[in-house]
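Read through the structure below, which is laid out as structure tokens, and then see the notes.
Atom set for the values below is all heavy atoms of this structure, side chains included, hydrogens, waters and symmetry mates excluded.
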Amino acid sequence: MQNIIHITDFSAPQLDVYARLSENQLLHYNEPHGDGIFIAESPNVVLRALDAGYKPLSFLVEDKHLDTQAKEILALYQDMPVYTAPFDTLTQLTGFKLTRGMLAAMQRKALPSLEEICLGKRRIALLENVMNPTNVGAIFRSAAALNMQAVLLTDGCSNPLYRRASRVSMGTVFQVPWTFVEDDWQQRLKLMGFKTAAMALSDNSVSIDNPQLMAEEKLAVVLGTEGDGLAAKTIADCDYTVKIPMAHGVDSLNVAAASAVAFWQLGR
């Protein structure tokens, strides 16, 4: 029988993960004895997380969706706690309108190494200090759609499993392999045979449709933080500096938009 728990006490500690803990607190929830947790929002995102092998810990569902949007998922987890209340109650609890009807608290998994992620891959993306979770989610969605086989992130990036990032990605953060990397990522990629292409404006840039660039057997497309772009040292250490031709005096695109253009051209 489904373990349905109707919310009557907002202060119940079981609801802390949905209502009172920050993303950073969730990330470090089980330390030092295990990986943290994350919140997946919407049935589509939850299903993709489940398909990728993530373990749910509980669900928070608008009561009218128990027999509609959430029904298929909940049927798979008969003993899992399912907290439920009307829309207005959930809005008061979570602090935002639960327009997608469902949240799930899920256990994180240990991250693989750079070498494990990149083994057998031809086209990957590297994000340097991309801090906005909306941009991270949008980049993952483009990576999934446009043939990037993995995404690497430096420590300054927003975590792909933050609720907004995974929602904006439409759950593709659970489909595209990813991991965080240390400062020696360029050397390690080169040892694996990758050439690196820094997306940046420079007098030494080549066009994104450069034949030699497109012909590289293994290529890592390197994208920088919003506003400032890539660090000067990162650009200097890359094999290529690449620009997207612009019109009407526009000098650059938002990093998420630039990623879509770069992935479409270089992921073929």
Indicate the atoms forming the closest heavy-atom contact of A260 with L146, along with that distance.
O-CD1, 3.4 Å
Do other residues, nucleotides or ligands put more than 12 heavy atoms under 6.0 Å from the NZ atom of K109?
yes
Please check if the side chain of S42 supplies one atom and the backbone of V45 the other of a donor-acceptor pair under 3.5 Å.
yes
Taking the side chain as every heavy atom from C-beta outward, state whether Q186 and C238 have any pair of such atoms under 4.5 Å apart.
yes
Atom pair CG (D16) and OG (S11), whose distance is rounded to the nearest 0.5 Å
9.0 Å
Does any non-hydrogen side-chain atom of L74 lie less than 4.5 Å from one of L66?
yes
Between R122 and F194, what is the shortest heavy-atom contact and its length?
O-CE2, 3.9 Å
Any idea which heavy atoms bring K218 and G193 closest together, and the distance?
CB-O, 3.6 Å
What are the two closest non-hydrogen atoms of V61 and A70, and how far apart are they?
CG1-CB, 3.8 Å
Would you indicate whether the side-chain heavy atoms of I139 and M148 approach each other to under 4.5 Å?
no
So how far is it from E128 CD to T225 OG1, rounded to the nearest 0.5 Å?
8.5 Å
Stepwise side chain to side chain contact (heavy atoms under 4.5 Å, CB included) test for V168 and R141:
CA-CA 8 Å; V168 171; R141 189 172 181 182; over 6 Å; no
With a 3.5 Å distance limit and no angle check, can you tell me whether E41 reaches the backbone of R164 through a side-chain donor-acceptor pair?
no
To the nearest 0.5 Å, what is the distance between CD1 on I235 and OG1 on T241?
6.0 Å
With distance as the sole test, does S169 use its side chain to make a donor-acceptor pair with the main-chain N or O of G137 at under 3.5 Å?
no
Heavy-atom donor-acceptor pair, T172 side chain to A144 backbone, under 3.5 Å
no
Would you kindly say whether T196 and D239 are connected by a side-chain donor-acceptor distance under 3.5 Å?
yes
Considering only heavy atoms from C-beta outward, does the side chain of L161 approach that of L26 to under 4.5 Å?
no
Are V255 and M199 connected in a single hydrophobic cluster, I mean Ile/Leu/Val/Met/Phe/Trp/Tyr linked by side-chain heavy atoms less than 4.5 Å apart?
yes
For the rings on Y162 and F38, is their centre-to-centre separation under 6.0 Å?
no
Would you kindly confirm whether W185 and L153 end up in one hydrophobic cluster when ILVMFWY residues are joined by side chain heavy atoms under 4.5 Å apart?
no
Apply the test side chain to side chain donor-acceptor pair (under 3.5 Å) to residues Q107 and D35: give CA-CA distance (whole Å), side-chain angles for both, the deciding distance (0.1 Å), then the verdict.
CA-CA 7 Å; Q107 182 71 52; D35 300 303; 5.4 Å; no
Is any side-chain heavy atom of L152 less than 4.5 Å from a side-chain heavy atom of L127?
no
Taking NZ, NE, NH1 and NH2 as the nitrogens, is one of them in R188 or E115 under 4.0 Å from a carboxylate oxygen of the other?
yes
Do the side chains of L50 and P56 get nearer than 4.5 Å, heavy atoms only?
yes
Angle class for the Y77/F59 ring planes (parallel below 30°, perpendicular above 60°, tilted otherwise)?
tilted
For the pair N254 and N135, evaluate side chain to side chain contact (heavy atoms under 4.5 Å, CB included) and give the outcome as yes or no after the intermediate values.
CA-CA 9 Å; N254 166 273; N135 283 336; 3.6 Å; yes
Quick one, L114 and M192 - any side-chain contact, counting heavy atoms below 4.5 Å?
yes
Walk me through it: do T179 and L111 pass the test side chain to side chain contact (heavy atoms under 4.5 Å, CB included)?
CA-CA 6 Å; T179 196; L111 292 175; 3.5 Å; yes
Worked check of side chain to side chain donor-acceptor pair (under 3.5 Å) between N129 and T154:
CA-CA 6 Å; N129 301 334; T154 66; 3.1 Å; yes
Can you measure from OH (Y83) to CG (L60) and round to the nearest 0.5 angstrom?
9.5 Å
Looking only at side chains, do S22 and N24 share a donor and an acceptor under 3.5 Å apart?
no
Keeping the roles fixed (side chain from R123, backbone from A220), state whether a donor-acceptor pair exists under 3.5 Å.
no
CG (D183) with more than 12 external heavy atoms under 6.0 Å:
no
Smallest separation among heavy atoms of V176 and V151, with atom names
CG1-CG2, 3.9 Å
Evaluate whether atom CD of E72 has more than 12 neighbouring non-hydrogen atoms of other residues, nucleotides or ligands under 6.0 angstrom away.
no
Just how far is it from atom CD of Q149 to atom CG of L119, taken to the nearest 0.5 Å?
11.0 Å
One pair to check against side chain to side chain donor-acceptor pair (under 3.5 Å): R108 and N159. What are the steps and the verdict?
CA-CA 12 Å; R108 286 177 177 267; N159 195 287; 3.0 Å; yes
Under 3.5 Å: donor-acceptor pair, side chain of D184, backbone of Q187:
no
Can L213 be reached from W264 by stepping across I, L, V, M, F, W or Y side chains whose heavy atoms are under 4.5 Å apart?
yes
Ionic contact status for K71 with D67, cut-off 4.0 Å:
no
Polar side-chain atom of Q69 near backbone of M102 as donor-acceptor pair, under 3.5 Å
no
Report, as yes or no, whether the 6.0 Å neighbourhood of atom OH on Y29 holds more than 12 heavy atoms from other residues, nucleotides or ligands.
no
Could you check D209 against S207 for side chain to side chain donor-acceptor pair (under 3.5 Å), going step by step and ending with a plain yes or no?
CA-CA 5 Å; D209 59 356; S207 179; 2.7 Å; yes
Indicate if L126 and F180 have the same hydrophobic cluster label, given that clusters are the connected sets of ILVMFWY residues with side-chain heavy-atom separations under 4.5 angstrom.
no
Min side-chain heavy-atom separation V82-I5 under 4.5 Å
no
Between S166 and R163, which heavy-atom pair has the shortest distance, and what is it?
OG-O, 3.2 Å
Would K195 count as a cation-pi partner of Y240, with NZ or CZ less than 6.0 Å from the six-membered ring centre and within 45° of the ring normal?
no
Once you round to the nearest 0.5 Å, how far does CD1 of I244 lie from CD of Q265?
9.5 Å
Just by distance, do the side chain of W178 and the backbone of V173 share a donor-acceptor pair under 3.5 Å?
yes
In one Ile/Leu/Val/Met/Phe/Trp/Tyr side-chain cluster, 4.5 Å: L57, I7
yes
Side chain to side chain contact (heavy atoms under 4.5 Å, CB included) between M80 and N3, worked out
CA-CA 6 Å; M80 194 68 59; N3 185 13; over 6 Å; no
